[in-house]
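All values derive from a computational prediction rather than experimental measurement. Lettering of chains follows the sequences in order, A, B, ..., and the numbering in each one begins at 1.
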Amino acid sequence: MCEQVPFKAGDRVYVWSASRRRWFDDGEIQVVREQGSVVVRFNNAKPVAKELPLRHIHQVLRPATAKKSQDLRSAVRQALGTGHGPKDAAQRLKRLYEATKAAEVSTDTSPQLKDLVTRQLMDFDKFTSWLYVEKAANVLPKVPAFEEPPPKLQCTKQVGEKAARKIFAGCRIQILFPGGNAMSLTRKELLEARLREEGGVAADAEATHLVVALGAPRSLVTDLAVAPDVEVVTDAWLCDSLLLGQRLPVSPRYRWRPEPEESVEVPAAPLQKDIKRQIYSCKADLQTLLGSTADAEDLRAKVVDEFRTCSAAWAVRGDKWRSWQYKKAENLVAQARSSMSVQDLKSIGLTPKFVQKCLEIRERGYLEQAEAFRKDADIHTLLELTRIHGVGPALAQAWLRCGVRSIADVRSRVDTLPGTATGAATGLTKVQRLGLRFVEDFQVPVCRSEVERIYAQVLRQAQAAKIDAPTVVPCGAYRRGDALCGGLTLVISFPGDGAVEEAAAAYLKAMDDILVADLSGAATTATAVRVPGDDDPTDSAQACLGVVRGCPVDGEPMRYRRCDFVFCRHNSLPFVTLQWTGSDGGLFNREIKRIAALRGFHLSHTYMCKADREGTRGRQVGEVCRAGAKIFCEDERAIFAAIGLPYRPPERREVDAELLRLVEEAAKEAPEALRMVKMEFQGSDLRPCASSVS
DNA sequence: GTTCCTGGATG
DNA sequence: CATCCG
DNA sequence: GAAC
């Protein structure tokens, strides 16, 4: 008898590519033939199936049948659900963890899990990594495993040695928190968490390093009587060290210097306050938060959850407006730092109907509407289907009418289902097939340290190809400060003028080893955004919605990750980073663009200009019909200043009550602002937009 | 009862 | 140009 | 779901 074929259909395996003379890890066994050969589907960017001899197949990376094992983690992951994106997953995870820790959950949580958590053998970070590390199959992890230090970051062998040492081992680092706009509390906590993960100590005194935000006032440091041997650095030192995976030397560019003018000019009152009072009041806030308002926090979490369920459900059901309302309500409640009294709920901008819903949740513990959605099988199917990149509500519903009930159904009918909601049933589009291929991987959130490892990997690839792009800014959820991210966004800025296409192509080519697919519609998307009537290509940007190989730590399986590469010139950098830092659902982006519009500007992905709009009434924004010259902005702060909005650091790019108030304000004064713009256009520099001709 | 957001891709 | 998507 |  021939040797037993060690593979099954569906297994993911290594495949040898004769043409490129190397192993690829994206093979998927389709058919196993008797004569010692197999048919393998491979090449993510351009999937093909091919019959290959067995010796060209290497090793099973992931078995075909996702076995319904007794694995506790699988159960937890399943119970958790991930239908609403990584941010959602992170919050659910946190709540599950808290609930388990408090030993409140008895029925729907495994006693083993509770045991693990309540014996305080896991902190939240370890809990997270435990949940998403798959290797030790159906064995419940032994307790000592959690007492060991978390697995060391290891990206490639090149950094292996350095990675063996934690970045901040032996450092005592004190982060000063000036309040105001210089650094938010969230950011401080975030930095401290990563600091500890990398072996450092977040110190209150006797620090080796003092981290001060760039805009902090001089008095903050001088009042502290810093010892001479203490390094006083900016937070950029901390961030860059984390990103590059090594402790950077304290070069002049990282040394903190007070900015005398700034500290006088900045109107924010908190900056003037004494640091000790700041810290004190901070602690006091936390105290009240944890003490008397623990119930309020609980209710808030519930309300957010119910609203989110409804928002997601209405969206997949096709009512985007209603979905939008729920999303806004959810954000308002989540952002508000008030108690949950009716008075407060009103004051944060909730409409009476939504306040009523909050009450309902307080009474019953749930929202009837949300409960109905949860019981609705169709909604579950739609949520599952829309997880595929390139599949939205419309197509998902069309598929539902075709009798599709799950992603598995889609897999079995890729060539017969329609690729558009209205079109013929002629098979999925290329993008959808790719989305389908990676859908499981994309469901698993990326933690911050993996984002950093991938970032470092990208830099190395570029370096190896001798490309120097001075600026690569990680944006997206990572920049906003989320603990878990759906993917990553790298904004890459080249100096000089002119179209960025060529440089972008070269850069992407250098990513060949890690970039496995492009989810952009076109082969290589050239998305040139331009001022109407202006041919200068300098202010264009180009985006590649890519898929890259992840950088797992030891013991973790490799997963493919969403990684967007966005290329631009330095002039447009602040606009591009603003755009791609966004917030979930793009809600924040839309609101600031509306404010800009109401004040007579057109704020695009890559530039800003004066704009004359038609059909602007009330808080509605008309269509751009004439545009003026582009307005130069040095950095993101300048953009906020230009549209008359108080600056918000990346971790505060959310729609909250204050932002809505500001939109309202802009709407009120809009008619006047727009008249002024019109006046400016009377005399000179009229640039009619093509779209207004019809 | 109708409209309500941004901008771009797609066919 | 309308529809769909992130 | 909310504003005209």
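Atom-to-atom, NZ of K327(A) to P of dT6(B) comes out at 19 Å; the value is rounded to the nearest Å. Distance, I388(A) CD1 to dG6(C) C1': 15 Å, rounded to whole Å. Summarising the geometry, the separation between NZ on K320(A) and P on dC5(C) is reported as 11 Å, rounded to the nearest angstrom. Between the P atom of dT6(B) and the CG atom of L587(A) lies a distance of 12 Å, rounded to the nearest Å. Taking atom CZ on R590(A) and atom P on dC4(B), their separation rounds to 14 Å, with Å as the unit. Between L385(A) atom CG and dC5(C) atom P the separation is 12 Å, expressed in whole Å. In this entry the distance linking CD of E306(A) with P of dG1(D) reads 14 Å, nearest Å. Note: CG (D319(A)) to P (dT3(B)) measures 15 Å, nearest angstrom.
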Derivation of the salt bridge (charged side-chain N to carboxylate O under 4.0 Å, His left out) call for R549(A) and D441(A): CA-CA 11 Å; R549(A) 306 182 30 123; D441(A) 276 5; over 6 Å; no
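DNA chain C lies under 4.0 Å from no heavy atom of any residue of residues 341-380 of chain A. At a non-hydrogen distance threshold of 4.0 Å, A421(A), T422(A) from residues 417-424 of chain A come into contact with DNA chain C.
Nearer to the 5' terminus of DNA chain B, by closest-nucleotide assignment, is the contact made by Q325(A) (compared with the other of L603(A) and Q325(A)).
Under the rule for a salt bridge (Lys or Arg N to Asp or Glu O under 4.0 Å), the partners of D319(A) that lie at least two apart in sequence or sit in another chain are R322(A). In this structure T471(A) satisfies the side chain to side chain contact (heavy atoms under 4.5 Å, CB included) test together with V473(A), S493(A), H570(A), L573(A), sequence neighbours excluded. For Q335(A), the side chain to side chain contact (heavy atoms under 4.5 Å, CB included) criterion is met by E654(A), D656(A), not counting sequence neighbours. Scored by the side chain to side chain contact (heavy atoms under 4.5 Å, CB included) test, A657(A) finds L332(A), I348(A) as partners (sequence neighbours excluded). Partners of E371(A) according to the salt bridge (Lys or Arg N to Asp or Glu O under 4.0 Å) rule, which considers only residues two or more places apart in sequence or in another chain, are R374(A).
Here the nucleotide nearest the side chain of R594(A), chosen from dC5(B), dG11(B), dG7(B), is dC5(B). Listed nucleotides dC4(C), dG1(D), dG7(B) differ in distance to H602(A); the shortest reach to its side chain belongs to dG7(B).
In this pair, W321(A) lays its aromatic ring flat on the base of dC4(B), centres within 5.5 Å and planes under 30 degrees apart.
Atom name C1', nucleotides dG1(B) and dC5(C): the rounded distance is 28 Å, in whole Å. Annotation: dA2(D) and dC5(B) have their C1' atoms spaced 15 Å apart (nearest Å). Nucleotides dG6(C) and dT3(B) have their C1' atoms positioned 23 Å apart, rounded to a whole Å.
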Taking only distance into account, with no hydrogens and no angle test, what donor-acceptor pairs under 3.5 Å do side-chain atoms of residues 397-404 of chain A form with protein atoms, sequence neighbours excluded?
| residue | atom | partner | partner atom | Å |
| --- | --- | --- | --- | --- |
| Q397(A) | NE2 | V316(A) | O | 3.2 |
| Q397(A) | NE2 | R317(A) | O | 2.8 |
| W399(A) | NE1 | P418(A) | O | 2.9 |

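For the side chain to side chain contact (heavy atoms under 4.5 Å, CB included) test with F565(A), the passing option among T489(A), V472(A), L490(A) is L490(A); the others fail. E636(A) pairs with exactly one of R653(A), R652(A), R648(A) by the salt bridge (Lys or Arg N to Asp or Glu O under 4.0 Å) rule, that one being R653(A).
Within 4.0 Å (heavy atoms only), K328(A) reaches no atom of the nucleic acid at all.
For residues 339-371 of chain A, the pairs satisfying ring-ring contact (aromatic ring centres under 6.0 Å, His included) are F307(A)-F354(A), Y326(A)-F354(A), with sequence neighbours left out.
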